Amino acid sequence: MKKVPQISTKEAANLVKDGDTILSGGFGMTGNPVHLLHALAETETRELTFIGNNVGESYLGGGRLLNNGLLKKIVGSFFTSNLDAVKAALGGSVTYELLPQGTLVEAIRAGGSGISGFYVKTSADTLIAKGKETKVFDGELNVLEKAIRGNIAFIRAWKADTAGNLMYRMTEQNFNTTMAMAADIVVAEVEYIVPVGELDPNSIHTQGCFIDYLVEAKTTVEDLGSSASIKLSKKKVDFSRLHMAKRALMELNKGDVVNLGIGIPTLIADLIKPEHGILLHTENGMLGVGPSPKDGGGAMEYPVNAGKIPVTTLSGGSYFDSSVSFAMIRGGHVDIAVMGGLQVDEQGNLANWAVPGKPLLGVGGAMDLASGARKLIITLTHNGPDGTSKIVPQCTLPITAKKVVDIIITNLAVFKYIDDKLTLIELMPGVTIEDVRKNTDAHFAEYNNVCTVR
């Protein structure tokens, strides 16, 4: 059996040449090959194209490559968490390409599997798909996405044997497994290297045939920055937001696989009890998400959810990579997605990922979830800070997905699309139908015997 060369971080960095396309694993700083990226940041290499879910924190991981002037282009799904990346992209010092998270990982998987491209309905009729070829399958518009390959991939694993077989830890698989398949040269940064035969063949996630070099590097809390110790906010939640979360919980049934977005939907997780029998899914690679750790542990000790918050794992839970996670979403295996929104219109169109003129640069998994979940619930405040209605005749903000919303829950009311028509079905406590009419720009029908939410 072959023995994969073990090299230093400096030797690995010197494998990267000017103008290369580099794939970098990680979700935030979880499973991020931070030691390899930091060694690369100290070189004189320039004009790189960086492909990853996100750049990483400022001055950490890919963020250090950006700030040291190595990058000419960034490709990913979410750059908003790094204000330096947003500033560089919007200011023109680097070019950028945004892809939905599921499309990004599938494009990388295709690149590593000898598939030139694929059609997917995610992002159809949105700004993300502008200029791309489309085709209708079974009455649905699909977008042609090209496969992605890199000159070199830097990935992070937990254990390797000397033949290059890799094992990952908890939610650290994310983009690493697919990127290991999709580059001319693959360097795996690992916590431990053990002799051949010490890893259980049943537990190997990435086979040694994909790996060209190994680098042993121990990760510390300092290496992960704030991601290693981030905690859930303990600030007091106002009554109306909590009531919206409680009403959304009423739509979830025993046995449902449910994905919760950021914002108000995250409050639902605190309301779910074991007897509800609900299985929470997080798009970075976990099924069976439990509550936050009681001991206050961070990402070094626990898996993280899509908000990069440490969580626990329920009995029967599982971990997987991002390509499997989005296969669950696109394949209709997620029963319900609960997401926030900026606008929802009479046709059930959703806008929740971009506001023109504001420094936001990320779509994440929103488009995949909106178009892939069997049922979509949107929770949002009924009006913006300036009093304008968020439930409108037609969305004026960039669209996330078309005709996908099933239920809208606001601080004033609950709407459903009955026979494809926006219909008021319930009022929040203390709210009248006249209050809803006055604060809603969209036209809506009224269900017989509109009741008040308990």
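In this text the structure is predicted, and so the values were computed from the model without any measurement.
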### Query
Would you say the side-chain atoms of S93 pair up with the backbone N or O of A88, donor to acceptor, closer than 3.5 Å?
yes
### Y168 versus T206, side-chain donor and acceptor atoms under 3.5 Å
yes
### Message
Regarding K146 and S116, do their side chains bring together a donor and an acceptor under 3.5 Å, going by distance alone?
### Response
no
### Message
Taking V258's backbone N and O only, do any of them form a donor-acceptor pair with D256's side chain (distance below 3.5 Å, no angle check)?
### Response
no
### Message
For H281 and F320, take the angle between the two ring planes, folded into 0 to 90°, and tell me which bin it lands in: parallel under 30, tilted 30 to 60, perpendicular over 60.
### Response
parallel
### Message
Assess, by modelled atom type and distance only, whether the side chains of N53 and S77 contain a donor and an acceptor separated by less than 3.5 Å.
### Response
yes
### Query
Salt bridge or not for E42 and K10, using N-O below 4.0 Å?
no
### Message
Between K159 and E191, does any side-chain N to carboxylate O distance fall below 4.0 Å?
### Response
no
### Message
Distance alone, cut at 3.5 Å: any donor-acceptor contact between the side chains of Y319 and T313?
### Response
yes
### Message
Could you check whether T400 and N352, counting side-chain N and O atoms only, form a donor-acceptor pair closer than 3.5 Å?
### Response
yes
### Query
With a 3.5 Å cut-off and no angle check, do the side chains of E283 and N259 form a donor-acceptor pair?
yes
### Query
Do any N or O atoms from the side chain of D238 and from the backbone of S240 form a donor-acceptor pair under 3.5 angstrom?
yes
### Task
Return yes if some donor-acceptor pair links the side-chain N/O of R374 with the main-chain N/O of G332 below 3.5 Å, else return no.
yes
### Message
Can a donor-acceptor pair be found, under 3.5 Å and without considering hydrogens, that links the side chain of D368 to the backbone of G102?
### Response
yes
### Task
Please confirm whether the backbone N or O of E11 pairs with a side-chain atom of N14, one donor and one acceptor, at under 3.5 Å?
no
### Task
Please name the pair of heavy atoms, one in L214 and one in A160, separated by the smallest distance, quoted to 0.1 Å.
CD2-CB, 3.8 Å
### Carboxylate-amine/guanidinium contact K254 E275, below 4.0 Å
no
## Note on the structure
Partner of R156 under salt bridge (Lys or Arg N to Asp or Glu O under 4.0 Å), picked from E189, E216, E172, is E189
### Query
Do E97 and K73 come close enough that some side-chain heavy atom pair is under 4.5 Å?
yes
### Message
Is it the case that the side chain of N32 and the backbone of G26 share a donor-acceptor pair, with hydrogens and angles ignored and the cut-off at 3.5 Å?
### Response
no
### Query
Any sub-3.5 Å donor-acceptor pair from N68's side-chain atoms to L65's backbone N or O?
no
### Any donor-acceptor N or O pair under 3.5 Å, side chains N305, T282
no
#### Entry: Any donor-acceptor pair under 3.5 Å from N54 side chain to G28 backbone
yes
### cation_pi(K308, F27) dist<6.0 Å, angle<=45
yes
